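Below is one structure, written out as structure tokens; the observations come after it.
Note that the structure is a prediction, hence the values are computed from the model and not measured. Chain identifiers are assigned alphabetically (A, B, ...) following the order of the sequence lines, protein sequences preceding nucleic acid strands; residue numbering begins at 1 within each chain.
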2 protein chains.
Amino acid sequence: MKSSSYNSLKLISEKFSVSPTTVSRVLSGQAKKYRISPETEKAIKDFAIRENFTPNPIAKGLRLKKTLTIGLVIPDIANPFFAGIASQVVNVARTHGYSIVLCDSEENPALEQQSVELLWARQVDGMILCAVGQTADYLVRYAREKRPLVLVDRVFPDLGLPYVSADNFSGAKAATDYLLDNGHRRIACLQGMCGTAPSKARVSGYTTALHARGVPFDPRLVAGDSFGEQSGYLDTKLLLRAAPDITAIFAMSNLLALGALRALREENRAVPDDISVVAFDDQPYLAHLSPPLTTVAQPHLEMGAAAVKLLLDHMRNPANAMSSGLLLPTSLIIRKSVRKISQPTTQ
Amino acid sequence: MKSSSYNSLKLISEKFSVSPTTVSRVLSGQAKKYRISPETEKAIKDFAIRENFTPNPIAKGLRLKKTLTIGLVIPDIANPFFAGIASQVVNVARTHGYSIVLCDSEENPALEQQSVELLWARQVDGMILCAVGQTADYLVRYAREKRPLVLVDRVFPDLGLPYVSADNFSGAKAATDYLLDNGHRRIACLQGMCGTAPSKARVSGYTTALHARGVPFDPRLVAGDSFGEQSGYLDTKLLLRAAPDITAIFAMSNLLALGALRALREENRAVPDDISVVAFDDQPYLAHLSPPLTTVAQPHLEMGAAAVKLLLDHMRNPANAMSSGLLLPTSLIIRKSVRKISQPTTQ
DNA sequence: ATGAAAGCGCTAACAA
DNA sequence: TTGTTAGCGCTTTCAT
């Protein structure tokens, strides 16, 4: 129960009249290897368990230059999408003996960079980063130095860093196809922050779907420059004025969808009767909205888990850094926010 | 840009032909104190900035027995309530120079204890714990040892540990009063995990409100033993059979409310026309539900911030441990899930 | 089968 | 005004 009494190998070694080396070897499971007498081994082990002793990881970290620690930088841990990623990161890291040092960049690129540097300074063994911003040039240095760093969601394929992302292109294409199947032709698109990989991929999925069906692409139907609720609200209002003939809105984040819903309600446009809505990124509550929202689900839990695995892999084998980008499949969750307005076109 | 070249005081000291001590003093802002020549000071400082050098915190931690690190143990980081707490904890900790090591206990008391012990072993300077479970006897030891540890939300006042919680009693009382004001008399109550402080306080607020109005307390109207969605769903179903005459449900967590809504929808009971619902703990999406839910908002962001402040205070001044429990006020957010069914009784 | 000694990078007494 | 030394707690050569 008293844990403060025996808190170093030295103290324990004295108690058993052996050297700290021996204790260290026992406690790091190297007893066999060094043929330490079974009695000493058992005595020390039992004692350690009884007194709840663990060799000080700070000292260990200093000596071994390994801290069994992974840095996680997230734009906003209160956002359920990132919270989900974090939960998986924490859990799979733990099963591999790693702890997570969490930083929140508050959607601020400067703070993000600062956090990344802080974490390296803190000697984390590796890092998982959900970047914000359109660029992240400060990362090239870490890429060059081949530090174990994996990017999640907001990805920069050009940097040569491993990454994990949802297959945003296919997800957006599937959603747009679904809308087209339901007879929609004037489909507005509420995009996220321009220039970011997810936003580009999603818009590209949207236009690709349009082209494939021969539906003319109207740039005026693409609005927005942020993933937030406020932007969804504002841009929906504008869209409704600029293009009153739209029959559907594809909101490329769930916050965007929430904002759109709010605007639509204010403008007395019923969903889906007047306007259909498809969101991006599933969250449990979307099923409880009125109406329950059809959305493109991202496997965010898997993304978190995959990121840790990729990272651990790169930590063990720095050789295969630069390699792998992972694109995880999305799935279209059909609920009740899309109205069929005519026969589907031929498939 | 090359950060790996000069990565110790020693190297730098050699470069400038001074001792590591001098460099250490400069870099820890003690130049004045030791009257180090302004030139050396400036040279070293500039160099450190240019080369992006920070003294290794691991070595520092070993030497100083301080890691500038706070442990945070949370039952489920994917739960928006806890995610909100975490975001504040991370942010205010950062402004004070502390980093957060995050553990997720997955609502599992054994894992929680393990996490707490891991964090102490990792030499965190202090810890913030959102406990799960009805008891947490393993904590008495840390209370006795006067370790800097503050409890949040799921609180154990008897342990003599500082804590931060919402004023669950008053919140529940206010919600019940509101229901009573709207003419409800048969009010069911979906409680959380029995025996936990928040659940006890909330039920107690509920019964107190009832008594104050002379409304008889019917124990059959109190159901549930978990804060989860599933429990809300199931117990609402049971409640509807056991007490068909209820006109309102007070769901003591937002997940419970979601579950109740799902059950009600299945049973074709309209909210609020057939049954009124009040939830506990506000989340952004509650406003977007159908109907928008009336709820008792907990100041969870403030709770996170307050926890860190309390912790830092106790870290600086271990004397006032055992002292302070903080109860933060809740607020009733009135939306559209309660129907007025008669004149309010006289206040 | 076990130990002594060195050193990871840092800071704080104690010189000077 | 600056440096020397010791030591935080650990692991790892190298000896024995």
Could you tell me which non-hydrogen atom of B:Pro148 sits nearest to which non-hydrogen atom of B:Asp125, and how far apart they are? CG-O, 3.4 Å
Give the rounded distance in Å between these two atoms: CD1 of A:Ile36 and C1' of C:dG3. 11 Å
B:Phe16 CZ - D:dG3 P separation (whole Å): 13 Å
With a 3.5 Å distance limit and no angle check, can you tell me whether B:Asp104 reaches the backbone of A:Ser87 through a side-chain donor-acceptor pair? no
What heavy-atom pair brings B:Ile36 and B:Glu41 nearest, and what distance separates the two atoms? CG2-N, 4.2 Å
Interatomic distance, B:Arg122 CZ vs D:dG9 C1' [rounded to whole Å]: 16 Å
Taking A:Thr67 for its side chain and A:Gln123 for its backbone only, find out whether a donor-acceptor pair lies under 3.5 Å. yes
Would you call the rings of B:Trp120 and B:Tyr142 parallel, tilted or perpendicular, where under 30° means parallel and over 60° means perpendicular? tilted
In whole angstrom, what separates A:Arg35's CZ from D:dT16's P? 18 Å
Can you check whether A:Phe156 and A:Tyr163 have ring centres sitting under 6.0 Å from each other? no
Categorize B:Ser13 for me: base, sugar-phosphate, or nothing, with a 4.0 angstrom heavy-atom threshold over every strand shown. nothing
Over the length of the helix from C:dA1-D:dT16 to C:dA16-D:dT1, how much do the five-pair end axes diverge, rounded to 10 degrees? 40°
What string of B, S and - do you get for nucleotides 5-12 of chain C, 5' to 3', when a contact is any protein heavy atom under 4.0 Å? BBBBBBBB
Salt bridge between B:Asp46 and B:Lys42, side-chain N to carboxylate O under 4.0 Å? yes
Suppose the criterion is side-chain hydrogen bond (donor to acceptor under 3.5 Å, both in side chains): which pairs have a residue in residues 11-20 of chain B, not counting sequence neighbours? B:Ser19-B:Thr22
